[in-house]
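Note sheet for the following structure.
Throughout, a chain's letter reflects where its sequence line sits, starting with A, and its residues are numbered from 1. What you see is a predicted model; the values in this text were computed from it and never measured.
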2 protein chains.
Amino acid sequence: MSIATPVKILLIDDHHLFNDGLKSLLSSEQNIEIVGQVYEAKGVLHAIQRLSPDLIFLDINLPDKNGIELAAEVLKNYPSVKIILLTMYSDSQIYKEALRTGVHGYILKNSSKQNLLSGIEAVVNEKTYFDAKLNGRIEEAPSDDLARKFALTAREKEIIKWVKAGLDSYQIADKTFLSYHTVKTHRRNIHFKLGTSTTSELIKFANENGI
Amino acid sequence: MSIATPVKILLIDDHHLFNDGLKSLLSSEQNIEIVGQVYEAKGVLHAIQRLSPDLIFLDINLPDKNGIELAAEVLKNYPSVKIILLTMYSDSQIYKEALRTGVHGYILKNSSKQNLLSGIEAVVNEKTYFDAKLNGRIEEAPSDDLARKFALTAREKEIIKWVKAGLDSYQIADKTFLSYHTVKTHRRNIHFKLGTSTTSELIKFANENGI
DNA sequence: AAAAGATTACCTCCTAAGAGGTATTTTGTG
DNA sequence: CACAAAATACCTCTTAGGAGGTAATCTTTT
């Protein structure tokens, strides 16, 4: 497997070693040029402006922003740029989220270089590429009001962040300058939206979905 | 920075792309030879036997085993092999665990190639190397009964696994064929050992420490 | 064999979290 | 401006989890 036409790629991952390793791994390939590397969400739009890559590889867990949100921004501002998400999560929910956002590919970090090259080849040819390991996990959603799930508000995401950080509702109320009652209301709404009912379920769900 | 004497390195990480990327990144270095790559805990001891590396890079989160436990096994069976843990967790507790196990280095995945080379240079010269980003996080333990913390039993680790999986105590009792009361007792003992007091704290702690 | 540690299991009491309801204020969008 | 959505905040009630205690039975180590 090798790439037929020249491709300019931008790598976005906060793990420097992974990012640099990937660059090293791909630089040896014919027709692949790594035009830049970014280690946080912040500089991404600017880097795209400056480097005009054909394709970006994007991690979902960036320290300062959810990769899927970032993907949406990129697609909005630079519709011609192809996006392949590169993550360690194989959950079907996040896969659906990714599809909905309109990314062009989704590859797991425990995948192989060959798959990566297949993905690159596919997306530069206006196709999509989703990791084979994801198959079998994708069951259609009941589609009625479930479509509205996942529509977490900014405040709800913030609450989830603190729950994941190990705080209880009183501590979260302190941190957010909200009433304890309000925090509990948000937690209830979050559980409703995500279909969870305990804190441990919520954390598991959030971890698997990069929330 | 370059390495002064030839070093044979074995890479152990379940994320193929990271593993391969790292190989690519290090292969270009003088005096560094990547003698092998392993993608799960299972084949590690055999690979060491066969390839006799001077140094192994070891991920903490392997699918089939905790990397720190694996490090202990390696040190027991091959005391001359140097071990550098390579992980994304910067928690002080796991750092202490690593020290106690006797690993020779601990480097974060969002570190740089230069740090990696410094680490290699250090450990092959019988020194240790711990990521600079870990400094400031290392406060000495009260040392009395805190030394006994972290001594989680097999059953306790199993309970933690189910808690992380989102099950409540009743469901865990079902899964393990234990009484609900027993599960609660284990949870209480776990909280005591880890110094936590809520489920969310426990999960956070477990995640950060690769339990 | 004795001691130490691990596992099992029950008790009570208290608190955090979840479920259900309601209502006001604020913010954003057509 | 009007309407919808989000954010805020209180109420009650039920349940799961945490804290403290005790103790019998295994298992492992000395």
**OP:** Would you mind telling me which residue lines up with the more 5' stretch of DNA chain C, B:Glu156 or A:Tyr170, judged by nearest nucleotide?
**Re:** B:Glu156
Original post:
How many Å lie between CZ on B:Arg155 and C1' on D:dT27, as a whole number?
Top reply: 14 Å
Subject >> NZ or CZ of B:Lys109 within 45° of A:Phe18 ring axis and under 6.0 Å >> reply: no
Original post:
Within the structure, does a side-chain N or O atom of B:His186 lie under 4.0 Å from either OP1 or OP2 of C:dT8?
Top reply: yes
**OP:** Report the distance from atom CG of B:Leu152 to atom P of C:dA6, rounded to the nearest whole Å.
**Re:** 10 Å
Subject >> Side-chain-base donor-acceptor pair under 3.5 Å for B:Thr185 and C:dC10 >> reply: yes
**OP:** Apply the side-chain contact (heavy atoms from CB on, under 4.5 Å) test between A:Leu10 and each candidate in A:Ile56, A:Leu55, A:Val74; give the one that qualifies.
**Re:** A:Ile56
**OP:** To the nearest Å, give me how far apart CG (B:Leu194) and P (D:dG17) are.
**Re:** 17 Å
Original post:
From C:dA17, D:dA7, C:dT7, pick the nucleotide closest to the side chain of B:Thr153?
Top reply: C:dT7
Subject >> Whichever of A:Asn189 and A:Ser200 has its nearest DNA chain D nucleotide further upstream toward 5' >> reply: A:Asn189
Original post:
Per the side-chain contact (heavy atoms from CB on, under 4.5 Å) rule, which among A:Leu86, A:Thr87, A:Ile84 passes with A:Tyr106?
Top reply: A:Thr87
Subject >> Length of the line joining B:Lys184:NZ and C:dC14:C1', which is rounded to integer Å >> reply: 11 Å
Original post:
Roughly, in whole Å, what's the span from CD1 in B:Ile159 to P in D:dG17?
Top reply: 12 Å
Subject >> Distance test, side-chain N/O of A:Arg188 to OP1/OP2 of C:dA19, below 4.0 Å >> reply: no
Original post:
Is the shortest side-chain N/O distance from B:Tyr180 to OP1 or OP2 of C:dA9 below 4.0 Å?
Top reply: no
Subject >> From D:dT8, C:dA9, D:dG18, nucleotide with atom closest to B:Thr182 side chain >> reply: C:dA9
Subject >> B:Ser169 side-chain N/O to D:dG17 phosphate OP1/OP2 under 4.0 Å >> reply: yes
**OP:** For A:His191 and D:dA16, give me the distance from atom NE2 to atom C1', rounded to whole Å.
**Re:** 12 Å
**OP:** For atom NZ of B:Lys161, decide whether the heavy atoms of other residues, nucleotides or ligands shown that lie under 6.0 angstrom number more than 12.
**Re:** yes
Original post:
Can you find a side chain N or O atom of B:Thr198 that sits less than 4.0 Å from OP1 or OP2 on D:dG18?
Top reply: no
Original post:
Counting just side-chain N and O atoms, does B:Arg187 come under 4.0 Å of either OP1 or OP2 of D:dG17?
Top reply: yes
Subject >> Value in whole Å for how far the P atom of D:dG17 lies from CH2 of B:Trp162 >> reply: 16 Å
Original post:
Reckon A:Thr199 has a side-chain N or O less than 4.0 Å from the OP1 or OP2 of C:dG18?
Top reply: yes
Original post:
Taking atom P of C:dG5 as reference, at what distance in whole Å does atom CD1 of B:Ile190 sit?
Top reply: 19 Å
Original post:
Are the aromatic rings of B:His104 and B:Tyr129 close, with centres under 6.0 Å apart?
Top reply: no
Subject >> C:dA9 phosphate, OP1 or OP2, under 4.0 Å from B:His181 side-chain N/O >> reply: no
Original post:
Between atom CG of A:Leu117 and atom OG of A:Ser112, what is the distance when rounded to the nearest 0.5 Å?
Top reply: 8.5 Å
